[in-house]
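First the structure, in the form of C-alpha cells, and then the observations on it.
Below, each value reflects all heavy atoms present in this structure, side chains not excepted, and no hydrogens, waters or symmetry copies.
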Amino acid sequence: MSCEFNNISKEEEKGITYTDAEAELHAKEVGVDPRPNETLVEIDERGAFIRQPNAFIKPFGDKPGDNKAEAGRYRIYWATGCHWSNRPVIVRDILGLQDVISDIKVSHSGETNVYGHGFGNQPDHRDPVTGAYFLSEFYKRANPDFKGRATTPTLVDVVNKTAVNNDYHRLTNYIEVQFRPFQPEDAPDLYPKKFRKEIDEFNDWLFPHINNSHYRMAFCQSPEAYFEAYEDFYESLDKLEKRLETNRFIFGDYITDADVRLYVTLVRWDVNYYHNIGPVHKPIYEYKNLWGYIRELNTIPAFHNNCNAKELALSGPKRDKKEKLFRGFNERILSKLDFDAFWKYDGERAALSKNPDEVYLRHPKGETYEEYASEISTTIWNSPSWEDRNPKNGTLSVDASINPIQGLL
C-alpha cells in the first residue's frame, strides 16, 4: 500500500468530506498537477516495481552550496502510514530536537487523493504554517519542472516555502550529524562516526530487501516480480532473525540509525502490510528474536508515539457502516485485541547487552561538532538510472546474518 493511502483524517472520521471538486479548485488555484500513478510509471519491462529516485537530495553539510542546519527553519511533512516518513520524526525525538525541527502530518487531498498528499486534517484544508493546500506545491516552487510524486518525508524550508530534502535514504543521517549542535550534549549517538561505513552499507542493503519489499510485492505487475520480492524478503528476515539471536540490536548493544529503519517496516507488517502482499509465509510474531526486538523498541516513547502497531492497525479504511456481512480482519479482530498485552516486552533481550540498562551510546562530554561531523555518503538508490535502482544491487560485503562490528558497539 502506498504511503498516501493509510491515513484517515479526523475530519473524515467525523464525516466531514474533503471533496474531489474542492481539491480540483485548490489545484487550479496553485497550479499543481494530479499525482502520477506508480503502478503505471514506475514498473519495468519485467513487471517489477522500481521506485522513483528522490527529487531533492542536496545534502546538509559544511561545504559551500550545502543545506545548512538551522533551528526553526525546517518542518518535516510526514504520514502515519508511511514508514519512510516515520524515520526522521523518530530520530528527531530521540535526539531532543522537537523545538528545532517542527513537523506536520499530511493526509488525503479530496476523496480519491488525486493530487496526492494534502492537508485534509487541517482547517480549510491548508497547512497552517505555509498556507499550502498540497505537498507538491513545495516541490513546484523548488523546481517548476518537477513531474514526479511528491513523497513523504519531505523537509521543507518554511521561510522560502520550498522543498529542501526528501531523501529518506540519508535524511536521518543529516539530522543526526549536521543538527548535532542543537542536540543535548549527552544526546544518543545513533550514527557513531567510526562505524558509519558499516551502517551505511547495511542500510543500503536493508532498503531493497526489507524496507521496500512490501512495495515490490504490492505494486509489481507480474508473478515473476512478485515471487522474486517475496522470497527475497523472507530470506532476508531469516538472516536478521539469526543476527538478533546474539545481538540486542542490529549492531550490538546500542540502538543505531539502522534499528529505526528496520523497526518501522516490521512493526506494520502483521497489522497493515499483509493486506497487499498475498499469502503470508510467516507473521513477524513467530520470529522469536525479531518479535522480541521490535517489542523492546516499542517501549521507547519516540518509537511508540510516532509508529505503533495499534494506530497502524486501526487507521486503515473502514467499510460502509451499512455493510453487515463482510468486515476486514483489522476491523473484526484487531480492533478488539489488547495491544498493550500482546506487545508487552518481557525484558529478556537486555541480557544480550553488557550494559542492560542503557539502550543508547551517548556522546562523550566535551565532544565538538568538528570531531563528530563528516560528509554523509551518497547512495545508489538515488541514481536516475533504473538499472542502478534494481533490487539486485543491494549487496553486503558480509552476510546480513553477521554483525561485522560484533563486540565493538
Side-chain angles (χ1 to χ4, degrees), residues 1-42 51-52 54-56 72-86 88-89 101-168 171 219 311 315-318 320:
M1 187 172 287
S2 174
C3 294
E4 284 85 357
F5 300 112
N6 288 327
N7 304 287
I8 303 298
S9 73
K10 292 180 180 179
E11 286 189 329
E12 289 170 319
E13 289 176 352
K14 295 176 182 178
I16 303 172
T17 303
Y18 181 10
T19 66
D20 280 348
E22 181 188 351
E24 185 173 358
L25 287 174
H26 296 327
K28 288 181 179 179
E29 177 185 344
V30 297
V32 301
D33 302 318
R35 174 189 182 278
N37 185 328
E38 53 265 69
T39 61
L40 297 178
V41 299
E42 296 173 53
R51 183 178 292 277
Q52 69 175 22
N54 292 310
F56 298 97
R73 180 148 197 153
Y74 304 105
R75 189 166 173 85
I76 302 171
Y77 289 73
W78 68 293
T80 298
C82 177
H83 74 134
W84 315 109
S85 70
N86 295 169
V89 183
I101 307 173
S102 65
D103 72 282
I104 185 172
K105 289 185 182 182
V106 297
S107 64
H108 282 186
S109 60
E111 298 146 290
T112 60
N113 200 41
V114 67
Y115 292 100
H117 293 301
F119 304 97
N121 53 357
Q122 298 294 330
D124 301 320
H125 303 151
R126 306 184 80 163
D127 173 14
V129 169
T130 65
Y133 289 112
F134 308 101
L135 182 62
S136 57
E137 290 180 53
F138 304 120
Y139 284 54
K140 285 289 189 179
R141 198 171 287 118
N143 176 11
D145 296 324
F146 177 75
K147 299 296 183 184
R149 292 183 292 113
T151 60
T152 55
T154 296
L155 199 67
V156 169
D157 179 333
V158 296
V159 176
N160 295 324
K161 300 181 181 180
T162 56
V164 170
N165 190 283
N166 74 328
D167 182 10
Y168 52 80
L171 181 54
F219 290 164
E311 183 178 8
S315 65
K318 306 292 190 300
D320 191 297

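Heavy-atom minimum distance, G116 versus S109: O-OG, 2.6 Å. Annotation for A142 and A163: closest pair CB-O, 3.6 Å, computed over non-hydrogen atoms. Nearest approach of V158 to G72, heavy atoms of both residues: CG2-O, 4.0 Å. For N113 against S107, the heavy-atom pair with the smallest separation is OD1-O, 4.5 Å. Residues T130 and K161 share a closest heavy-atom pair of O-NZ, 3.3 Å. Across T19 and E111, no two heavy atoms sit closer than the pair CA-OE1, 3.3 Å.
D157 contributes a side-chain N or O that, together with a main-chain N or O of V159, makes up a donor-acceptor pair within less than 3.5 Å. When atom types are taken as modelled, the side chain of N86 and the backbone of A79 share a donor-acceptor pair closer than 3.5 angstrom.
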Query raised in the report: Does the side chain to side chain contact (heavy atoms under 4.5 Å, CB included) test come out yes or no for Y139 and T154, once each step is laid out?
Result: CA-CA 9 Å; Y139 284 54; T154 296; 2.6 Å; yes
Query raised in the report: Step by step, would you call R141 with T162 a side chain to side chain donor-acceptor pair (under 3.5 Å)?
Result: CA-CA 6 Å; R141 198 171 287 118; T162 56; over 6 Å; no
Requested in this report: Starting from the C-alpha separation in whole Å, work towards a yes-or-no answer on salt bridge (charged side-chain N to carboxylate O under 4.0 Å, His left out) for E38 and R149.
Outcome: CA-CA 8 Å; E38 53 265 69; R149 292 183 292 113; 3.8 Å; yes
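Between K105 and E311 there is a salt bridge, since a side-chain N of the basic residue sits under 4.0 Å from a carboxylate O of the acidic one. Under the 4.0 Å criterion applied to side-chain N and carboxylate O atoms, K140 and D145 are not assigned as salt-bridge partners.
A 4.5 Å side-chain heavy-atom check between T151 and Q52 finds at least one atom pair inside the cut-off. Here the side chains of N160 and F138 are not in contact, with every heavy-atom distance at 4.5 Å or above. F56 has its side chain out of reach of L155: every pair of non-hydrogen atoms, C-beta onward, lies at least 4.5 Å apart. Residues V156 and V164 fail the side-chain proximity criterion, which asks for heavy atoms closer than 4.5 Å. Residues I104 and P128 have side chains in contact (heavy-atom distance under 4.5 Å, counting atoms from C-beta outward). Using a 4.5 Å heavy-atom threshold, the side chains of T152 and V106 count as touching.
D103 CG to W78 CH2: the interatomic distance, rounded to the nearest 0.5 Å, is 6.5 Å. For the atom pair OG of S102 and CD1 of I76, the computed distance is 8.0 Å after rounding to the nearest 0.5 Å. With rounding to the nearest 0.5 angstrom, the CG atom of L25 is 8.5 Å from the CD atom of E29. In this structure, the separation between CG on N54 and CH2 on W84 is 9.0 Å, given to the nearest 0.5 Å. If you take OH on Y115 and CZ on R35, they are separated by 13.5 Å, rounding to the nearest 0.5 Å. To the nearest 0.5 Å, atoms NE2 (H108) and CG (N121) are separated by 10.5 Å.
Each of Y133, F119, F134, Y18 was scored for a ring pair (Phe, Tyr, Trp, His ring centres under 6.0 Å) with H125, with one residue passing: Y18.
No side-chain donor-acceptor contact under 3.5 Å links Y77 and N166.
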